[in-house]
Amino acid sequence: MSEGAQATVNAAAAALAAAGDVGDKFNVAKEKKAAGDEAFKNNDLATAFRYYHESLLYLKGLDKNATQRALGQPVPQPPPIDAVSQSAEEKAKTEVDFLAEKIYANMSQCHLKKGNWKRAVETADQALHYNPKNYKAMFRKAKAQKELGYFEKATKILEEIVKDGDESDKAACQEELADVRKRDKEVTAQHNQKMKGFLNKEKVDLSKD
C-alpha cells in the first residue's frame, strides 16, 4: 500500500474511533458511499474507490444489531437451534449488510471500467455474499469472466439472469450473452487454427525423415 493510501486509511480509522454512536457512524458510512457514487458518475474512479473503502471501514467497525436498534429497525432473530445451515438468501439482513452489498457491487463496476477483471470478479462475489440474487453484481461478474476468457462461467451466470432476473435487465443480458458466445467461437477458431498449423508442421518434419 502506498504512503498516500495508508495515510487515507489511518485518517479514516482515526475518524471512526472518534465518531459518535453507532447511528452516527452508519450515517457517515452512507455519506461516504453517496460521495463515492457521485465521484463514479463524474468518472473519478480513484476518488470513488477512496470513498467506498472509507465507507466499508466505518461499516466494519459497527455492531450490526446495535446499528439496527439505533436506526429503529428490527434486530434479526437468531436461526432455530435445529437449523444446521442457512443460505445467504435465508439469513435476515441488517442495514449494514444492505449498504455493504451496494458498495461492493459498485466497486465491481469501478473495476470493470478500469479493466481490473479479477478484482471486478472478487468484489462482485463479495456483494453476492450478502445477496446471491444481486443481478447487477452477477452481470458485472459475468462481464469480467468474459474478459478473463471464462466463457462457460459467464454464460452460466447470464443464462441465470435471463431466466430469473428482472425484465428490465434481460435485454442487456441477452446482448452480453450473444457477445460471450461470439467471443468463445472466435477464441476456439483461433485455437483450432493454431493447432492445425502445428499439426501441418509436424507432418512436414516427419516427411523429412
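Worth saying up front: this structure is predicted, and the values here are computed from it rather than measured.
When all heavy atoms are compared, the tightest approach of Ala142 to Ala154 is O-CB, 3.4 Å. Residues Ala137 and Ala127 share a closest heavy-atom pair of CB-CB, 3.9 Å. In terms of heavy-atom proximity, Glu101 sits nearest to Tyr130 at CB-CB, 3.8 Å. Between Lys133 and Asp164, the shortest heavy-atom distance links the atoms NZ-OD2, 4.2 Å. The nearest pair of heavy atoms linking Lys25 to Tyr58 is O-CD2, 3.8 Å. The two residues Cys173 and Ile161 come nearest to each other via the heavy atoms SG-CG2, 3.2 Å.
Look at Glu95 and Lys64 and you find no salt bridge, because none of the NZ, NE, NH1 or NH2 atoms lies under 4.0 Å from a carboxylate O. We find that Asp37 and Lys41 are not joined by a salt bridge, their nearest charged nitrogen and carboxylate oxygen being 4.0 Å or further apart.
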Requested in this report: Take Leu99 and Phe26, measure what side chain to side chain contact (heavy atoms under 4.5 Å, CB included) needs, and give me the verdict at the end.
Outcome: CA-CA 9 Å; Leu99 189 58; Phe26 181 79; 4.0 Å; yes

Requested in this report: Let me see the working for Leu59 and Ile103 under side chain to side chain contact (heavy atoms under 4.5 Å, CB included), right down to the final yes or no.
Outcome: CA-CA 11 Å; Leu59 293 182; Ile103 293 169; 3.9 Å; yes

Report task. Take Arg181 and Phe151, measure what side chain to side chain contact (heavy atoms under 4.5 Å, CB included) needs, and give me the verdict at the end. Result -> CA-CA 7 Å; Arg181 288 169 175 161; Phe151 303 118; over 6 Å; no

Requested in this report: Evaluate salt bridge (charged side-chain N to carboxylate O under 4.0 Å, His left out) for Lys170 paired with Glu167, printing each intermediate quantity in order.
Outcome: CA-CA 5 Å; Lys170 291 185 178 181; Glu167 287 297 325; 3.1 Å; yes

Requested in this report: Under the side chain to side chain donor-acceptor pair (under 3.5 Å) rule, what do Asn43 and Lys113 come out as? Steps first, then yes or no, please.
Outcome: CA-CA 9 Å; Asn43 205 35; Lys113 291 199 73 170; 3.0 Å; yes

Query raised in the report: Does the side chain to side chain contact (heavy atoms under 4.5 Å, CB included) test come out yes or no for Glu38 and Thr47, once each step is laid out?
Result: CA-CA 9 Å; Glu38 189 62 29; Thr47 300; over 6 Å; no

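Without hydrogens or angle criteria, Arg140 side chain to Ala120 main chain gives no donor-acceptor distance under 3.5 Å. The closest donor-acceptor contact from the side chain of Asp184 to the backbone of Val180 lies at 3.5 Å or more, if one exists at all.
Of the inter-residue distances, the one linking Lys136 atom NZ with Leu128 atom CG reads 13.5 Å to the nearest 0.5 angstrom. Residue Tyr51 holds its OH atom at 6.0 Å from NZ of Lys32, rounded to the nearest 0.5 Å. Atom OG in Ser55 sits 10.5 Å away from atom NZ in Lys60 (nearest 0.5 Å). Here the straight-line distance linking atom CG of Asp169 with atom CD of Gln174 works out to 12.0 Å at 0.5 Å rounding. If you take CG on Leu158 and CD on Gln145, they are separated by 10.0 Å, rounding to the nearest 0.5 Å. Going from atom CD of Gln190 over to atom CD of Glu186 covers 7.0 Å, rounded to the nearest 0.5 Å.
Taking 4.5 Å as the limit, every side-chain heavy atom of Asn106 sits out of range of all side-chain heavy atoms of Phe40. At a threshold of 4.5 Å between non-hydrogen side-chain atoms, the residues Met138 and Asn134 do not count as touching. A heavy-atom distance below 4.5 Å is not found between the side chains of Thr67 and Thr94. Side-chain contact between Arg50 and Asp44 is absent, with no heavy-atom pair separated by less than 4.5 Å. Leu56 places a side-chain heavy atom less than 4.5 Å from the side chain of Met107.
By the neighbour-count criterion of 12 heavy atoms within 6.0 Å, atom CD of Glu152 is sparsely surrounded, having that number or fewer from other residues, nucleotides or ligands. Residue-environment remark: NZ (Lys146) exceeds the threshold of 12 foreign heavy atoms within 6.0 Å.
Applying the salt bridge (Lys or Arg N to Asp or Glu O under 4.0 Å) test between Glu147 and each of Lys114, Lys153, Arg183 identifies Arg183 as the sole match.
Here salt bridge (charged side-chain N to carboxylate O under 4.0 Å, His left out) pairs that include residues 115-125, with residues two or more places apart or in two chains, are Arg119-Glu122, Asp125-Lys141.
In summary, the aromatic rings of Tyr104 and His129 are positioned with their centroids too far apart to meet the 6.0 Å limit.
Under the 4.5 Å side-chain heavy-atom criterion for grouping Ile, Leu, Val, Met, Phe, Trp and Tyr, Val187 is connected to Leu177 within one hydrophobic cluster.
For the ring-ring contact (aromatic ring centres under 6.0 Å, His included) test, no residue two or more places apart in sequence or in another chain qualifies with His53.
Through direct or indirect side-chain contacts shorter than 4.5 Å among Ile, Leu, Val, Met, Phe, Trp and Tyr, Tyr150 is connected to Leu112, Trp117, Val121, Leu148.
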